[in-house]
Amino acid sequence: MHKYVYLFTEGNANMRELLGGKGANLSEMTNIGMPVPQGFTITTEACTQYYEDGRTINDEIMGQIMEYVEKMEQINGKKFGDLTNPLLVSVRSGARASMPGMMDTILNLGLNDDVVAAMIKANPDPKFERFVYDSYRRFIQMFSDVVMEVGKKYFEQLIDKMKERKGVVYDVDLTAADLKELAEQFKAEYKNQIGSDFPSDPKVQLYEAIRAVFRSWDNPRANVYRRDNDIPYSWGTAVNVMPMVFGNLNDNSGTGVAFTRDPGTGEKKLMGEFLTNAQGEDVVAGVRTPMPIDQMAEKFPEAYKQFLDVCDKLETHYRDMQDMEFTVENGKLYMLQCRNGKRTAQAALKIACDLVDEGMRTEQEAVAMIEPRNLDTLLHPQFDAAALKAATPIGKGLGASPGAACGKAVFSAEDAESWKARGEKVILVRLETSPEDITGMKAAQGVLTVRGGMTSHAAVVARGMGICCVSGCGEIVMDEENKKFTLGGKEFREGDFISLDGSTGNIYDGVIPTVDATIAGEFGRIMAWADKYRVLKVRTNADTPRDAQRARELGAEGIGLCRTEHMFFEADRIAAFREMICSDTVEEREAALNKILPYQQDDFEKLFDAMGKYPVTIRFLDPPLHEFVPTEEKDIEALAATQGKSVERVKAIIESLKEFNPMMGHRGCRLVVTYPEIAKMQTTAVIRAAINVQKRHPAWQLVPEIMIPLVGDTKELKYVKDTVVATADAEIAKAGVDLHYEVGTMIEIPRAALTADDIAKEAEFFCFGTNDLTQMTYGFSRDDAGKFLEAYYKAKIFENDPFARIDQDGVGRLMKMACELGRSVRPDMHIGICGEHGGDPTSVEFCHKLGLTYVSCSPFRVPIARLAAAQAAIKDGK
Ligand code: ADP
Ligand code: MG
Ligand code: MG
């Protein structure tokens with residue numbers, strides 16, 4: 001027979017997969033002699049089985065549960081549903097990874113009218129009577145809410161009405177009679193909503209409660225939390241059933257929560273709150289203002305002393321900051337939960353360093369303790385915490401690029417630039433952004449869009465620039481033309497202040513002050529340790545010297561992706577580039593490209609300068625040409641005039657560039673196959689720049705890496721490479737210098753991965769463009785997938801966004817194949833990744849396992865990738 005239930009005395013901390021975090025730790029606390037009410041844990045496997053059995057608890061599992069109820073009764077000397085000595089229990093969820101507040105708990109289970117009457121009869125103290133009814137009304141409310149999903153608010157309304165009628169503010173001031181009446185009202189409300197009587201049989205109550213906890217694993221909040229925190233759906237939750245201890249028994253009782261160190265700052269100092277005559281969530285729910293934990297010393301000196309001792313023991317035992325829940329019943333302490341406490345990034349760094357200094361943790365363990373995703377919050381300007389707390393959001397979009405931004409609303413890229421030029425701080429508000437908006441985005445503090453998901457243009461570009469972005473706020477009623485929008489019932493015009501929180505997606509009316517992100521001392525220490533243990537190199541995606549500089553400061557070891565097209569959008573070159581596009585002959589095209597050449601060379605020189613001795617990969621022009629052509633009539637006229645063409649002719653050319661599937665269209669290396677002169681110009685710029693910088697810095701050993709995008713066939717690559725090599729070699733010969741350069745390719749089309757051995761004959765390096773590779777492997781557009789992915793999450797087809805986290809089974813398999821095939825031909829080739837995935841911790845771990853040389857990500861994600869790479873290596877035992 002399979003064992004689905006464990007007494008707390010049968011488990012331990014290492015069994016969290018089976019018992020969940022809460023259950024494993026209740027066992028562990030029991031083992032090390034802490035005062036824990038003795039109950040049992042129903043395993044996560046029982047939860048999985050419940051779903052397999054079509055959301056029912058099968059007889060075998062139910063049989064084991066009832067057997068353990070009896071054991072629990074014996075251990076505690078009380079009986080479930082008994083009228084002389086009743087046992088009341090709590091039924092609590094507890095998954096493998098802690099998911100605070102996501103799932104449900106029911107307290108005081110086992111009460112019914114008969115048990116209540118018997119308890120009161122056995123103890124005539126009026127205070128006791130009050131306690132019994134207080135417990136009863138709490139139970140009815142929790143059971144109705146959690147098990148039957150009646151909705152808390154109905155019960156809260158009834159409590160409020162009662163308090164109003166009795167002229168009291170706090171629920172502790174309600175009398176036994178009031179609470180008794182409330183319990184009656186609650187039962188009536190239950191019947192009214194559900195249509196049947198409140199279940200009085202404790203065994204039925206227990207069965208229903210356990211089922212409800214299993215079911216809560218699949219509630220929408222839990223699903224979203226799991227997606228955000230990378231917790232697989234398949235894990236399931238355990239259920240803990242344990243005897244109640246009563247913090248609401250009298251004034252000599254209470255309940256509290258505490259952290260062994262400050263979860264906000266990491267300071268080594270007990271932090272917590274305590275409430276007398278209270279139960280369960282009262283402390284956190286704010287029904288009354290709790291007292292700071294140190295005041296417990298006066299109120300319950302014995303229990304407090306014991307609690308301090310418990311804190312010490314737990315920290316030493318777990319070697320980490322503990323978050324604890326406890327209750328005092330009649331002056332006696334009971335421990336109800338402990339876990340490694342959640343903490344801010346700041347606190348995480350300090351605690352990890354302190355634990356190393358205290359001799360409790362090794363450097364590797366300290367590195368492994370930090371949640372890479374959390375570092376994000378340290379790398380962007382942040383709102384002043386107090387001001388943020390006091391503010392109410394007027395709307396919410398997707399937190400697409402973290403950070404805090406505050407400025408005056410503007411509605412076009414040009415306005416953003418001109419307002420910035422006169423010293424204003426602006427927020428760019430757009431229906432959606434396009435490549436033309438880049439300079440405007442750069443000028444803005446933050447970007448707000450009505451449309452677009454987490455991988456929309458605005459989101460990707462903003463993350464790349466490290467500016468705050470809230471995307472896809474569909475509640476906004478936009479009027480771009482008249483430079484205004486409505487949100488939260490208010491009209492905002494150009495120049496009105498708004499504030500954005502790029503982490504939560506919240507939008508605020510007016511000014512919320514921001515403070516600059518600081519990189520504290522501990523941050524540097526942890527990063528230095530990370531660098532010591534990681535194997536993967538970390539590069540950055542950067543197109544400008546400023547980004548490159550910033551990335552260097554954040555620890556980047558080179559540029560893995562410089563997108564040259566961004567350089568063409570600058571005002572001083574877009575005109576020449578448009579002339580190139582609208583040229584009819586090679587000569588015209590070359591003339592236009594020659595105008596751009598010096599700019600492009602200058603860009604590369606600055607980039608090489610910023611990166612010093614580190615490698616720089618330059619990707620040649622990638623997007624389809626129609627993204628660059630003018631849309632405004634006056635721009636079209638100007639273009640026609642420069643080229644001596646009619647407006648109609650220019651319009652016809654622009655029209656001819658339209659494609660049904662532009663992302664699969666005339667772009668990437670295909671552009672060079674038709675217009676080799678583009679590659680000639682770009683190669684000339686790269687090589688000339690490298691020669692100049694090398695001359696200025698003889699020690700640097702520059703090896704520029706030229707990367708050809710969108711290759712699917714080795715012949716395609718060879719064709720383009722021939723042009724590149726001929727041009728480069730001619731430039732080098734002309735300069736009479738010795739310069740080594742490499743020509744490699746993106747692997748972003750499935751066919752390239754499948755034929756990577758052929759491609760490696762030409763390509764000196766590979767770099768996975770996982771955005772396109774994901775798009776083409778799944779065959780869905782990354783710009784549109786957001787619209788239906790939500791349905792995929794709901795249907796459990798996807799657990800997360802494949803554009804944010806590598807799909808290891810499909811896309812990952814192609815990557816693995818490409819690595820193996822490529823290195824079979826060219827064993828020492830360097831292979832990297834430069835998609836958005838390069839900064840996602842889970843994907844970084846995958847890249848480590850594949851044996852990639854480097855990951856490349858946006859500058860602000862560099863520290864995250866460094867840490868994730870170190871964690872992967874440490875986990876791997878290297
Ligand atoms: P969460 O995981 O959301 O914190 P818990 O299962 O920890 O939910 O329950 C919430 C609170 O209920 C606990 O902090 C504790 O105060 C109270 N509680 C749970 N079980 C018991 C019990 N057996 N006796 C007294 N209080 C309990
Ligand atoms: Mg808890
Ligand atoms: Mg691509």
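Quick note: residue numbers are just sequence positions, from 1. Every number for a ligand or one of its atoms is a count from 1 in the order of the listing.
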Student: Taking only heavy atoms of Thr255 into account, list the atoms of ligand 1 that are under 4.0 Å away from them.
Tutor: 16 (O)
Student: Say whether Gln49 and His2, considering side chains only, have a donor N or O and an acceptor N or O under 3.5 Å apart.
Tutor: no
Student: At a cut-off of 2.8 Å, list the protein N/O/S atoms near the Mg ion (ligand 2), residue plus atom name.
Tutor: Glu325 OE1, Glu325 OE2, Gln337 OE1
Student: Nearest to atom 15 (C) of ligand 1 by heavy atom, Val89, Leu336, Val213, Asn248: which?
Tutor: Leu336
Student: Using the test side chain to side chain donor-acceptor pair (under 3.5 Å), find all partners of Thr9 that sit at least two apart in sequence or belong to another chain.
Tutor: none
Student: Under a 4.0 Å threshold between the charged nitrogen and the carboxylate oxygen, would Glu164 count as salt-bridged to Lys161?
Tutor: no
Student: Between Asp354 and Lys350 (salt bridge meaning N to carboxylate O under 4.0 Å), is one present in this structure?
Tutor: yes
Student: Looking at Gly280, which atoms of ligand 1 are within less than 4.0 Å of one of its heavy atoms?
Tutor: 11 (C), 12 (O), 16 (O), 17 (C)
Student: Under a 3.5 Å threshold, yes or no: a donor from one side chain and an acceptor from the other, between Asn108 and Gln279?
Tutor: yes
Student: Mind checking whether Pro243 has a heavy atom under 4.0 Å from ligand 1?
Tutor: yes
Student: Any nitrogen or oxygen of Thr105, main chain or side chain, under 3.5 Å from a nitrogen or oxygen of ligand 1?
Tutor: yes
Student: Among pairs that include at least one residue of residues 237-261, which meet salt bridge (Lys or Arg N to Asp or Glu O under 4.0 Å), considering only residues two or more places apart or in two chains?
Tutor: Arg261-Glu315, Arg261-Glu358
Student: Just to verify, which of Glu67, Glu45, Glu60, Glu10 counts as forming a salt bridge (Lys or Arg N to Asp or Glu O under 4.0 Å) with Lys3?
Tutor: Glu10
Student: Filter on salt bridge (Lys or Arg N to Asp or Glu O under 4.0 Å), then keep only pairs touching residues 181-191, sequence neighbours left out; what's left?
Tutor: Asp113-Lys187, Arg165-Glu181, Glu184-Lys187, Lys191-Asp197
Student: Would you mind running through ligand 1 and noting each atom that sits below 4.0 Å from a heavy atom of Lys22?
Tutor: 1 (P), 2 (O), 5 (P), 6 (O), 7 (O), 8 (O)
Student: So for ligand 1, is Arg339 a polar contact partner (N or O within less than 3.5 Å, distance only)?
Tutor: no
Student: Heavy-atom distances under 4.0 Å decide this one: backbone, side chain, both or neither, for Leu107 against ligand 1?
Tutor: side chain
Student: Run through Arg137, Lys163, Lys166 and flag the one making a salt bridge (Lys or Arg N to Asp or Glu O under 4.0 Å) with Asp171.
Tutor: Arg137
Student: Relative to the heavy atoms of Met242, which atoms of ligand 1 are at a distance of less than 4.0 Å?
Tutor: 23 (N)
Student: Taking both backbone and side-chain atoms of Thr327, is any N or O found less than 3.5 Å from an N or O belonging to ligand 1?
Tutor: no
Student: Consider only side-chain N and O atoms of Asn12 and Ser27, and report whether a donor and an acceptor are under 3.5 Å apart.
Tutor: no
Student: Between ligand 1 and Gln337, is the shortest N or O to N or O distance under 3.5 Å?
Tutor: yes
Student: Does the Lys NZ or Arg CZ of Lys152 fall within the cation-pi geometry relative to Phe155 - under 6.0 Å from the ring centre and within 45° of the axis?
Tutor: no
